[in-house]
Amino acid sequence: MPYTYYPGCSLESTSRAYDESLRKVFELLKLELHELTDWNCCGATMYMSIDGPLASTISARNLALAEPLGYDVVAPCSSCFTILSKTHRLMRENAEIRTRIGEALAPAGLKYELNLRIRHPLDVLVNDVGVELIRLQVKRDLAGLRIANYYGCQIVRPERGFDDRENPTTMDNLFEALGAVNVYFPMKVRCCGGMLMTTYPEVALKLVKDLLECAEENGAECIATTCPLCQINLEAYQGRVNARFETKFKIPVLFFTQLVGLALGASPRDLGFHRQLIPFEHKLMQLTEA
Amino acid sequence: MRSIMTQEFQEDFFMSRKESELRSAFLEQVELIPGGHKIKQCIQCGTCTGSCPVSFAMDITPRKTIALFRAGEIESVLRSNTIWICASCYACTVRCPAGIKITDMMYAFKRIAMERKIFPKGLPVHALSSLFVSIVNKYGRNQEVNLLLRFGLKTNPTKLIAQIPLGWCLRSKGRVPLKSTKIKDRKQLSSIIRRVLSMRKTVQKPSIA
């Protein structure tokens, strides 16, 4: 089944490993992925806080470009996923907004007629392919790797989507089938601070510290994330957390697609493991040699 | 819906002119949110504050924000750090027993504060957001390096220097592209943006008068 791929800005830079591993996993599962031509910014949080209607309109440009292709849109960044879904919902539920956006897009020869489904890749893997089918294609068991599954906020909220908003389990089920051990991680949907790391670092550092502490206390060997912002906050700022709170965290933070790709037999290089700031080499060697 | 809401709230003659102007601007924003009228049904239970991961750092909690809005104190909400500390994680929204879209309400406050330039002192969030918007409007995509550099220079150049090691680290892992990303059809995007802005002028005039 083909999909339209909306990478989003982060997957071109700090989260390249997410882009690389996602493409690889889709390829190995024989899912066609067509990158949307000339996509623009989704109208994310920061845009939304300046000008809501304009944010929805530029967001709708993407939907208008994607609709004629006729495939579901895969948006791996939680923020893009939420904003694109939100634009679709606003247009569906509010006739005035629908008309205004329609009028803004029309002179450019674009229109959006509400026929798209916006999907997160985790949803695609679990619900379109299915955990069982993925398990049958495992080339390299995750051999008891202890994972803290971190869903973050915007993948399950505010919409009631493919998983529970308080206690999602899709990623846990997936990794269990791939041979990993899911550690108890009650903070799985707690916010990482998002862009507060830039604007109010003191607040964000505390949130990140709490998350790392929870993962470590429960014996996680790594944290699996579904979002670029969660990944960078939890990984790149561990040093600052350690300096600020006198802790000694050194927990690798991976994209869930990197781990799925590993189980499907892809080479670590193809999955962007060389881009990690906190080494995962030791575990990686154990897993790839087994 | 709006006419009922505005009438009901604006009839309070104890309210200052500025406050009632802020109130109608806020209600106008809230009106665009599907189910936005539910803000009237707040039972002040505090589930929002209890669920909020960052309420510890706010000077007015989410529950109090609604109480102040009702009491005709929108300006103090706009001057608080609360709306800027909200990281938009939607924990409050999904738990609110009255179905109030609290996160969207925070966005509405943010936009009013931006428009009217009412900010708490030394607040960097709007600087970051404005830069983000100007980059996206120009190139169609966010350019992380460009954004953070300009933000740093504008707000705190010393802190920017402290970020160099991390930037270097990310760069060595190929995570900081030197080539700036942009869309091809920037002309189309800017014509769409211009159109939204010009429609706004014609639509909004009668409602101000």
Side-chain angles (χ1 to χ4, degrees), chain A residues 9-10 12-17 38-41 43-54 57-58 61 82 89-90 93-94 96-97 100 103-105 107-108 110 152-154 157-158 165-166 189-191 193-196 198-200 202-204 206-207 236-237 239 274-277, chain B residues 29 32-34 53-54 56-57 81 84-85 87-91 93-95 101 103-104 106-108 110-111 114 123-126 128-130 132-133 136-137 140-145 148 151 166 169-170 173-177 181 183-185 188-189 191-193 195-197 199-200 203:
Chain A
C9 304
S10 309
E12 290 194 317
S13 56
T14 45
S15 307
R16 275 180 70 187
D38 216 32
W39 55 270
N40 58 265
C41 163
T45 316
M46 282 186 265
Y47 206 113
M48 195 66 95
S49 60
I50 295 248
D51 193 325
L54 194 52
T57 311
I58 65 161
R61 175 179 177 270
T82 300
R89 184 176 50 93
L90 274 173
E93 292 177 9
N94 187 320
E96 195 188 332
I97 291 181
R100 278 199 220 168
E103 281 171 14
L105 294 179
L110 295 171
C153 51
Q154 298 195 336
R157 294 193 298 259
R165 300 187 291 195
E166 299 280 354
V189 293
R190 185 84 175 198
C191 175
M195 68 160 188
L196 292 182
T198 310
T199 52
Y200 286 98
E202 277 299 295
V203 180
K206 157 97 167 61
L207 298 182
Y237 291 91
H274 56 293
R275 302 191 191 282
Q276 298 304 126
L277 299 179
Chain B
Q29 291 270 353
L32 290 172
I33 306 165
V54 285
F56 73 91
N81 68 9
W84 305 106
I85 283 197
S88 156
C89 81
Y90 296 91
T93 300
V94 301
R95 286 187 184 165
K101 307 260 172 78
T103 313
D104 289 323
M106 292 291 179
Y107 275 122
K110 284 180 212 191
R111 292 193 285 259
M114 291 272 191
L123 179 102
V125 185
H126 66 282
L128 186 64
S129 297
S130 315
F132 184 87
V133 169
V136 170
N137 286 354
R141 292 183 191 170
N142 177 28
Q143 302 176 338
E144 283 172 350
V145 182
L148 294 175
F151 174 69
L166 177 58
C169 233
L170 288 167
K173 302 284 180 182
R175 291 168 70 171
V176 183
T181 176
I183 64 167
K184 287 198 193 83
D185 207 342
Q188 185 196 57
L189 184 72
S191 79
I192 293 171
I193 293 169
R195 180 129 178 104
V196 173
L197 299 177
M199 280 189 327
R200 186 167 301 165
V203 169

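In the text below, chain A, chain B and the rest are named by the order of the sequence lines, each starting its count at 1.
Atom CZ in A/Arg61 sits 5.5 Å away from atom CG in B/Leu189 (nearest 0.5 Å). To the nearest 0.5 Å, the span separating CG on B/Leu197 from CG on A/Asp51 amounts to 7.0 Å. A/Met46 CE to B/Asn142 CG: the interatomic distance, rounded to the nearest 0.5 Å, is 6.0 Å. In this structure, A/Gln154 CD and B/Ser88 OG are separated by 4.5 Å, a value rounded to the nearest 0.5 Å. Here the straight-line distance linking atom CD of B/Gln188 with atom CG of A/Asn40 works out to 8.5 Å at 0.5 Å rounding. If you take CD on A/Glu166 and CZ on B/Arg95, they are separated by 4.0 Å, rounding to the nearest 0.5 Å.
Contacts of A/Glu103 with chain B are made by both backbone and side-chain atoms, with heavy-atom separations under 4.5 Å. A/Leu196 touches chain B through its side chain: at least one heavy atom from C-beta onward sits under 4.5 Å away, while N, CA, C and O do not. In this structure, chain A has no heavy atom under 4.5 Å from any part of B/Thr103. Using a 4.5 Å cut-off between heavy atoms, A/Ile50 contacts chain B through both its backbone and its side chain. The part of A/Ile97 that comes within reach of chain B is its side chain, from C-beta onward, which places non-hydrogen atoms under 4.5 angstrom from that chain. Contact annotation for B/Ala91: both backbone and side-chain heavy atoms come within less than 4.5 Å of a heavy atom of chain A. Only the side chain of B/Leu148 comes within contact range of chain A, with heavy atoms under 4.5 Å apart. For A/Asp38, the parts lying near chain B are the backbone and the side chain together; criterion is any non-hydrogen pair under 4.5 Å.
Side-chain atoms of B/Arg175 come within 3.5 Å of backbone atoms of A/Arg275 as a donor-acceptor pair (strictly under, hydrogens ignored).
The nearest pair of heavy atoms linking A/Cys41 to B/Val136 is CB-CG1, 3.6 Å. A pairwise comparison of heavy atoms in A/Trp39 and B/Ile183 identifies O-CG2, 3.0 Å as the closest pair. Taking every heavy atom of both residues into account, B/Lys101 and A/Arg89 meet most closely at NZ-NH1, 4.1 Å.
When each of B/Met106, B/Gln143, B/Met114 is scored by its heavy-atom pairs under 4.5 Å with chain A, the top score falls to B/Met114. Residue with the most contacts toward chain B among A/Ser13, A/Cys9, A/Ala17, A/Gly193: A/Ser13 (heavy-atom pairs, distance under 4.5 Å). Chain A forms more heavy-atom pairs under 4.5 Å with one residue of B/Pro53, B/Ala57, B/Pro177 than with any other, namely B/Pro53. In terms of heavy-atom pairs under 4.5 angstrom with chain A, the leader among B/Val133, B/Asp104, B/Leu170, B/Thr181 is B/Val133. When each of B/Ile193, B/Val176, B/Thr93 is checked for heavy-atom pairs under 4.5 Å with chain A, B/Ile193 comes out on top. Of the listed residues (A/Ala108, A/Cys191, A/Gly194, A/Ser49), the greatest number of heavy-atom pairs within a distance under 4.5 Å of chain B belongs to A/Ser49.
The side-chain heavy atoms of A/Val189 and B/Tyr90, taken from C-beta on, include no pair separated by under 4.5 Å. Side-chain contact between A/Thr199 and B/Trp84 is absent, with no heavy-atom pair separated by less than 4.5 Å. In this structure the side chain of A/Tyr200 reaches within 4.5 angstrom of the side chain of B/Asn81, judged on heavy atoms. Here the side chains of B/Ile192 and A/Leu110 are in contact, with some heavy-atom distance below 4.5 Å.
For A/Glu12, the salt bridge (Lys or Arg N to Asp or Glu O under 4.0 Å) partners are B/Arg141, not counting sequence neighbours. Among residues two or more places apart in sequence or in another chain, the salt bridge (Lys or Arg N to Asp or Glu O under 4.0 Å) test is passed with B/Arg195 by none.
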